[in-house]
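By convention in this document, chain letters (A, B, ...) are assigned in the order of the sequence lines, proteins followed by strands, and residues within each chain are numbered from 1.
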Amino acid sequence: MTPTLSITPRRTLAKLSAACLTYAMLAASAAIVLTPFAYLLASSLKTGEDFFGSLFLPAGEGVFGVAWGRITSANYTRLISEFDFTNNIVNSVFLASTTSILATLGAAMGGYALAMIRFPGRRFVTNLVLFALIIPAALMLAPSYQLLYFLGLLDTYTGLILPAAAPAFGVFLFRQAFLSSLPPQLLEAGRIDGCGELRLFVSIGLPLVRPMIGAFVLITYLGTWNNFIWPQIVLQSPEKLPLSVAIAQLRGVYSQDYGLLMAGTVISIAPVLVLFLLLQREFIAGLTAGAVKG
Amino acid sequence: MNHHAAQSRAAYLFLTPFLALFVVFLIYPLVQSLWLAFQQTHGPSITRYVGLDNFKSIAVDRLFWKAFWNTAVFALASVCIQLPIALGLAMLLNRPDVRGRAFFRLIFFSPALVGLVFVAVLFGLIFEKRTGLLNVTLHAVAGFDPEFPWLQQYVMPALIIAALWLYAGFNMVFFLAALQNVSRDLLEAATVDGAGPLRRFLHVTLPAIRPVGSFLVLLSLIGSFQLFELPYILLGGGGPDNQGLTVVMYLYQAGFDAGDLGYASAIGWTIAILLGGFAVAQRYVSALDER
């Protein structure tokens, strides 16, 4: 009676139908998850009377029962020509790139120091970082706004980027990454060979935490790209707004022009989806590393 | 001894960019928010000391408590609906006979990449009466009322559905990673000892994924109490009868629409204290740190 080894025809059949059921459920869930994306894309390609005439693409005589001739890029061209969306795209790319590079650099350096070097005050700084992880973000809104006002940084990118370039969460992640993947003996060996501290960090430390670098750049890029509340509070000039705030304002004014809104949303989410597709393995590994293994 | 000093100096240099920004943009505002909580302000520069008045007002502020209640309901739904679904999906994907696991994982995770603002704009169309994706589909499949007024009357269910689409796959990724760490030997030993699927789940799998489970509960609670963009954009504010008003939205309105940063700070502290979040999160963070 060893259940794992007995392969009778009945068992295989049961196994087969279980597999079919599993796949059916997975496929159904995947369909539910993907449908809103398809709906979004289809809606962005319709205007006027076609919009509510059919749920997805306009119905007609063409292949798959779709009137292919009636789909249109009019919403996209309107966004670019009428609403200067190119400018918002550039703003979003700039903000997300700058923030993610600076934040990753600061976090990697800080995490390295806390993990690999013994120095007076290390315990205190580590506790400070851990403490910062539990500060509710909403608590910071009012005093940070006041601070930026007094520093004259309202309506500037500096006022958005600098506060985001000191991520306690990132320092914590990199500290964990260095602790788990960089053996201290390696650094000692380097020191005996006369390697300076900066070179140790750059040529021994950083290459060993490359997955975390990739993951954290992506996490920060995504977070900045999708952030709404901070640019909404800090920025005022229309020409400085990133996509998130621009879309929100567009919806405020053109709440019924769904084709236009959906085209704007497609433009806003397509770049990050593509970026993620390219880097997803590192991203998910980095995301779950701290929670599952530590 | 000399190279110890050199190492310390290097450590401080490495920490300087982070610490400088951290002190200016986090520690200082945090202290300032405590001071602000006892002021009434008019814009960022005009302040007046009001003692405990802000907290007294909050205690009897019916709109604040409505916002708190709404947020709590949303948080509860996130934990009780989203997490079990996420775990179910993860267990489906973790079955040994499943191929294309990475592919499905990618699909399920993809909504989590979409910012809340964009989700809100998209779901504004999905929740449209008569013409939106949800009502049309539900009507075709189940004969559901095609005029069902999601955004006009059933605000909270609408928010929960949108959040479910957004976060179920995100949570699933964590559960899946945890499930893949469950010892196969232990599961096999349990099978040999005659334990059925349910008992294997309850006595082997569940204890093994508990740390990740409690981490996700905490993450969902924290995330829920930050809910802002989704209802703010979807409803253009609190929505009908403020059914979609959340605590952060209320804080935002007090601080930036009404211009009272003092009251907003007091709301922030009230939320922090009410949740006892500090204590709970601290425990999890130190637990994370120990492992």
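Within the 4.5 angstrom heavy-atom criterion, no atom of A/R122 approaches chain B. With a threshold of 4.5 angstrom between heavy atoms, B/F22 approaches chain A through its backbone and through its side chain. Only the side chain of A/L222 has a heavy atom closer than 4.5 Å to any heavy atom of chain B. For a residue to count as touching a neighbouring chain, one of its non-hydrogen atoms must lie under 4.5 Å from one of that chain's; by this rule B/L19 touches chain A with the side chain only. For B/V136, the part lying under 4.5 angstrom from a heavy atom of chain A is the side chain only. Of the atoms belonging to B/I107, heavy atoms from both backbone and side chain fall under 4.5 Å from chain A. Heavy atoms closer than 4.5 Å to chain A are found in both the backbone and the side chain of B/S45. Neither the backbone nor the side chain of A/S255 comes within contact range of chain B; no heavy atoms are under 4.5 Å apart. Both the backbone and the side chain of A/L40 come within less than 4.5 Å of a heavy atom of chain B. Contact annotation for A/A27: only backbone heavy atoms (N, CA, C, O) come within less than 4.5 Å of a heavy atom of chain B. Both the backbone and the side chain of B/V98 come within less than 4.5 Å of a heavy atom of chain A. Heavy-atom distances place no part of A/V245 under 4.5 Å from chain B, backbone and side chain included. Contacts of A/L277 with chain B are made by side-chain atoms alone, with heavy-atom separations under 4.5 Å and no backbone atom involved. Heavy-atom distances place no part of B/F225 under 4.5 Å from chain A, backbone and side chain included. With a threshold of 4.5 angstrom between heavy atoms, B/P111 approaches chain A through its backbone and through its side chain. With a 4.5 Å cut-off on non-hydrogen atoms, A/L198 touches chain B through its backbone and its side chain both. Residue B/F118 touches chain A through both its backbone and its side chain, counting heavy-atom pairs closer than 4.5 Å. Of the atoms belonging to B/L36, it is side-chain heavy atoms, and not backbone ones, that fall under 4.5 Å from chain A.
Considering every non-hydrogen atom in both B/P44 and A/Q146, the closest pair reads O-NE2, 3.0 Å. Closest approach of A/A165 to B/L21, counting heavy atoms only: CB-CD1, 3.8 Å. Across all their heavy atoms, B/L15 and A/L114 have their closest contact at CD1-CD2, 4.1 Å. Residues A/L139 and B/S265 approach most closely at CD1-O, 4.0 Å, considering heavy atoms. In terms of heavy atoms, B/T131 sits closest to A/Y39 at O-OH, 3.9 Å. Shortest non-hydrogen contact noted between B/V121 and A/M262 is O-CE, 3.4 Å.
Across A/G223, A/G106, A/A108, A/A138, the residue that shares the most heavy-atom pairs under 4.5 angstrom with chain B is A/A138. Most heavy-atom pairs under 4.5 Å with chain B, from the set A/L261, A/V272, A/L128, A/L162: that is A/L162. Ranked by heavy-atom pairs shorter than 4.5 Å toward chain B, the options A/I233, A/I269, A/T265 are led by A/I233. Between chain A and the residues B/G100, B/G43, B/A20, B/S110, the largest count of heavy-atom pairs under 4.5 Å involves B/S110. Note: A/P163 leads A/G110, A/P163, A/A113 in heavy-atom pairs under 4.5 Å with chain B. Interface summary for chain A: among B/G124, B/G268, B/A11, B/A37, the most heavy-atom pairs under 4.5 angstrom belong to B/A11. In terms of non-hydrogen atom pairs under 4.5 Å with chain A, the most contact-rich of B/L216, B/L133, B/L261, B/L251 is B/L133. With chain B as the partner, the residue from A/Y258, A/F150, A/F119 showing the most heavy-atom pairs under 4.5 Å is A/Y258. The greatest number of non-hydrogen atom pairs below 4.5 Å with chain A, out of B/Q226, B/R9, B/E229, B/Q180, is found for B/E229. Counting heavy-atom pairs closer than 4.5 Å to chain B, the top-ranked of the candidates A/L105, A/I247, A/L275 is A/I247. Heavy-atom pairs under 4.5 Å with chain A were tallied for B/V114, B/T41, B/V119, B/V248; the largest tally goes to B/V114.
The local environment of CZ in A/F169 is sparse, with at most 12 non-hydrogen atoms from other residues, nucleotides or ligands closer than 6.0 Å. Other residues, nucleotides and ligands contribute at most 12 non-hydrogen atoms within 6.0 Å of the CZ atom of B/R130.
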**Asked** Stepwise, does the side-chain contact (heavy atoms from CB on, under 4.5 Å) test hold for B/F25 with A/L151?
**Response** CA-CA 11 Å; B/F25 290 109; A/L151 293 175; 4.1 Å; yes
**Request:** Could you walk me through whether A/S43 and B/L125 pass the side-chain contact (heavy atoms from CB on, under 4.5 Å) test, one step at a time?
**Result:** CA-CA 9 Å; A/S43 302; B/L125 176 58; 3.6 Å; yes
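The aromatic rings of B/F14 and A/F201 lie tilted to each other, with the angle between the two planes from 30° to 60°. Relative orientation of the B/Y232 and A/F228 rings is tilted, given thresholds of 30° and 60° on the angle between their planes.
Judged by distance alone, the side chain of A/Y23 and the main-chain N or O of B/R99 form a donor-acceptor pair under 3.5 Å. Checking side-chain atoms of A/R251 against main-chain N and O of B/I233 turns up a donor-acceptor pair under 3.5 Å.
Remark: B/E128 CD to A/Q256 CD distance equals 5.5 Å, nearest 0.5 Å. The distance from the OG atom of A/S144 to the CG atom of B/L30 is 9.5 Å, given to the nearest 0.5 Å. Rounding to the nearest 0.5 Å places CG of B/N135 at 11.0 Å from CG of A/L55. Once rounded to the nearest 0.5 Å, the distance linking OG of B/S33 with CG of A/L147 reads 12.0 Å. Put simply, CG on A/L218 and CG on B/L113 are 8.0 Å apart, with the number rounded to the nearest 0.5 Å. One distance of note links OG of A/S244 with CG of B/L116; it measures 10.5 Å at 0.5 Å rounding.
Between B/W165 and A/F37, the ring center distance clears the sub-6.0 Å criterion.
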